[in-house]
Amino acid sequence: MTPALRGDAPALRAALLEWYDRQGRTLPWRVRPEDRARGVAPDPYAVWLSEIMLQQTTVPHAAPYWARFLQLWPRIEDLADAPREDVMREWAGLGYYARARNLHACAQMVASQLGGRFPSDLDGLRALPGIGEYTANAIRAAAFDLPASVVDGNVERVITRLFAMEAPLSSAKPAIRKEASRLADPDRPGDYAQAIMDLGATVCTPKNPSCGTCPWARACAARAQGDPLRYPVKPVRKPKPVRHGLAFVILRGGAGRREVYVRPRPDKGLLGGMLETPGSEWLEDVGALPSRDAAAPAALNWRKASGVSHVFTHFALELTVYAARAPKGWRGPDAHGRWVPAEPLSASGLPSVMKKAVRAALG
DNA sequence: CACGCGTGGGG
DNA sequence: TCCCCAAGCGT
């Protein structure tokens, strides 16, 4: 009975869309079904912006950034014309900074080569920087309401549970794509795509799925087995190495209007294109670290501040922080650097790990 | 194709 | 405290 239901794509579509019409989330970048039915069309620029920000990022974290970007740059031409430095500053704190570099490059391509309009075809979307398989389909569905099959982490979880896919996630992907595309609704592609992601985000959650309220519960193989948490089958994760480094925070100005000396990081790699306080290399071998005075950007009256811990995707970082006041009238250690606000720290445009170092130096 | 790439919140 | 994780992309 359930296997038959699992194969009944029209029934599953209908159940999911009915659930979405009642229980789907209202999000600022989303056009709800009733509005779409009234002819309200999404702004592809706003949809694209939300999709880039939501890559590996939670809705509560991304939402204020989305509103801020649209306020600063209401049209894609505005974003394209903005200095990249401004874009990176506004992205600070969202993480995965390649997204911001690609975002700006994409805006410039769309503005200058495509007349300011996003393509609605998969190949055209995929050709733009920062837009991969998932995002191309998501934009096609949510912004243009054209047939598409979105497969993100939510959909992988929903599908592997619905079919109790035993294969490790990496090798299950072709089967997931196949089933996801078979289920996708040709009549309401935009609503369906957002519905299946909402289902994963609010019902078929990683930890405590609400199977009691799931429109697909009767069809779900994992539910029938009584162990939805078993899926998807994830690979064993490697332990994170710990790296160590020194950070040097140079402050100038009086209380309430203090500034900190920073310099740009190289365009590629970790925190690429973002600002940093001067520092040593980050090494696993503490013994290989340079001494304070060998690593310091200038011979100042350094004071040891409290340490900083920060966790990146693939390693943890322990920073020893040194603070100093800039000599009066001093421009800084070198010509590449600048001074940005340390108070309020939110105005600094620094990535989070650097904000932590500055906060340690201020405290 | 496995890996590099951030961050803050929740259990 | 610690571990897991959240709407992936580029190489």
Side-chain angles (χ1 to χ4, degrees), chain A residues 24-25 27-30 47-66 88 91-103 105-106 125-143 148-158 168-171 173-174 176-177 180 190 192-202 204-209 229 232 234-243 265-274 276 282 308-317 350-356:
Chain A
R25 290 176 294 180
L27 299 170
W29 46 83
R30 173 178 290 179
V47 170
W48 161 74
L49 192 56
S50 75
E51 289 299 340
I52 303 301
M53 288 183 170
L54 287 165
Q55 288 168 3
Q56 302 290 285
T57 305
T58 58
V59 166
H61 193 190
Y65 285 82
W66 180 85
M88 300 310 286
W91 195 275
L94 253 195
Y96 286 138
Y97 296 99
R99 291 186 297 170
R101 303 193 299 269
N102 287 332
L103 182 87
C106 181
L125 287 164
R126 285 287 324 249
L128 294 167
I131 299 184
E133 178 72 19
Y134 160 76
T135 304
N137 279 281
I139 293 173
R140 188 171 150 80
S149 175
V150 294
V151 181
D152 68 340
N154 288 307
V155 175
E156 287 174 352
R157 187 168 57 254
V158 169
L169 194 49
S170 53
S171 47
K173 295 212 171 179
I176 295 171
R177 267 199 298 277
Y192 178 88
Q194 298 176 85
I196 191 170
M197 290 191 287
D198 265 23
L199 188 70
T202 66
C204 194
T205 53
K207 299 285 182 58
N208 295 303
L229 297 194
K234 301 231 169 174
V236 293
R237 138 183 355 248
K238 292 178 192 169
K240 265 176 209 205
V242 179
R243 297 184 193 170
R265 288 175 64 90
D267 230 33
K268 307 233 173 219
L270 189 73
L271 307 175
M274 299 300 289
E276 67 173 3
W282 299 343
V308 157
S309 299
H310 191 78
V311 179
F312 291 103
T313 309
H314 58 294
F315 67 94
L317 179 65
L350 291 173
S352 294
V353 62
M354 299 299 163
K355 283 197 178 90
K356 286 185 185 177

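Note on naming: letters A, B, ... go to the chains in the order of the sequence lines (proteins, then strands), and numbering restarts at 1 for each one. FYI, side chains are in, hydrogens and waters are out, and symmetry mates aren't considered; it's all heavy atoms of this structure.
One can place CG of Leu54(A) at 12 Å from P of dC9(C), the figure rounded to the nearest angstrom. Atom CG of Asn137(A) is separated from atom C1' of dG8(C) by 13 Å (rounded to the nearest Å). Between the CG atom of Leu27(A) and the P atom of dA6(C) there is a distance of 16 Å, rounded to whole Å. Taking atom CZ of residue Arg243(A) and atom C1' of nucleotide dG6(B), one finds them 14 Å apart after rounding to whole Å. The distance between atom CG of Leu169(A) and atom P of dA6(C), rounded to the nearest whole Å, is 12 Å. Taking atom CG on Asn102(A) and atom C1' on dT11(C), their separation rounds to 12 Å, with Å as the unit. The separation between Arg99(A) atom CZ and dG10(C) atom P is 12 Å, rounded to whole Å. The nearest whole Å value for the distance from the CH2 atom in Trp48(A) to the P atom in dC9(C) is 14 Å.
At a cut-off of 3.5 angstrom, the base of dG8(B) holds no donor-acceptor pair with the side chain of Thr58(A).
Side-chain N/O atoms of Arg101(A) include none lying less than 4.0 angstrom from OP1 or OP2 on dC9(C). Under 4.0 angstrom from either OP1 or OP2 of dG9(B) there lies no side-chain N or O belonging to His61(A). For the pair Arg237(A) and dC5(C), the criterion of a side-chain N or O lying under 4.0 Å from OP1 or OP2 is met. In this model, the phosphate group of dG10(C) is not approached by any side-chain N or O of Tyr96(A) to a distance below 4.0 Å at OP1 or OP2.
Side-chain atoms of His314(A) lie closest to dC5(B) of the nucleotides dC5(B), dT7(B), dG6(B). Checking dT7(B), dA6(C), dC5(B) against the side-chain heavy atoms of Thr313(A) singles out dC5(B) as nearest. Of the listed nucleotides (dG10(C), dG11(B), dG6(B)), dG11(B) has the atom at the smallest distance from the side chain of Lys207(A). The side chain of Arg157(A) lies closest to dA6(C) when the candidates are dG6(B), dG8(C), dA6(C).
With contacts defined as side-chain heavy-atom distances shorter than 4.5 Å, the pair Trp29(A)/Val59(A) qualifies. The shortest side-chain heavy-atom distance between Arg30(A) and Asp198(A) falls under the 4.5 Å cut-off. Looking at Thr135(A) and Ile52(A), their side chains come closer than 4.5 Å, going by heavy atoms from C-beta outward. For the pair Leu271(A) and Val353(A), the minimum side-chain heavy-atom distance is below 4.5 Å.
Judged purely by distance below 3.5 Å, without hydrogens or angles, the side chains of Gln55(A) and Tyr134(A) never pair a donor atom with an acceptor atom.
If you check dC1(B) for Watson-Crick or wobble pairing at under 3.5 angstrom, you find it has no partner at all.
Comparing dA6(C) with dC5(B), their P atoms sit 22 Å apart, to the nearest whole Å. With both ends at atom P, the span from dT11(C) to dG6(B) equals 14 Å, rounded to whole Å.
What you find for Tyr65(A) and Trp91(A) is that their closest heavy atoms are CE2-O, 3.7 Å.
Among the protein residues, Gly93(A) comes within range of the sugar-phosphate backbone only, with heavy atoms under 4.0 Å from sugar or phosphate atoms but none that close to a base. Within 4.0 Å (heavy atoms only), Pro129(A) reaches sugar-phosphate atoms of the nucleic acid but no base atom. Nucleic acid contact for Glu133(A): sugar-phosphate only, since backbone atoms but no base atoms lie under 4.0 Å from a heavy atom of the residue. Residue contacts shown for Ile131(A) are limited to sugar-phosphate atoms, with no base heavy atom under 4.0 Å away. Within the nucleic acid shown, Thr135(A) comes within 4.0 Å of sugar-phosphate atoms alone, with no base atom in reach, counting heavy atoms only. As judged by a 4.0 angstrom heavy-atom cut-off over every strand, Val353(A) is placed among residues touching the sugar-phosphate backbone only. Within the 4.0 angstrom heavy-atom criterion, only backbone atoms of the sugar-phosphate kind lie near Ser352(A); the bases stay farther away. The residue Trp29(A) sits close to a base: some heavy atom pair falls under 4.0 Å. Across all strands shown, Leu103(A) has no heavy atoms under 4.0 Å from either base or sugar-phosphate atoms.
For Arg157(A) (side chain) and Cys204(A) (main-chain N/O), a donor-acceptor pair under 3.5 Å exists by modelled atom type. No side-chain donor-acceptor contact under 3.5 Å links Arg99(A) to the backbone of Gly130(A).
Close placement of the His310(A) and Phe312(A) rings is indicated, their centers lying within 6.0 Å of each other.
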Using nucleotides 1-3 of chain B, report all nitrogen or oxygen pairs with the protein that are shorter than 3.5 Å.
from: dC3(B); atom 1: OP1; to: Lys238(A); atom 2: NZ; distance (Å): 2.9

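Residue Lys240(A) is the one, among Lys240(A) and Gly130(A), whose nearest nucleotide of DNA chain C lies closer to the 5' end (criterion: closest heavy atom).
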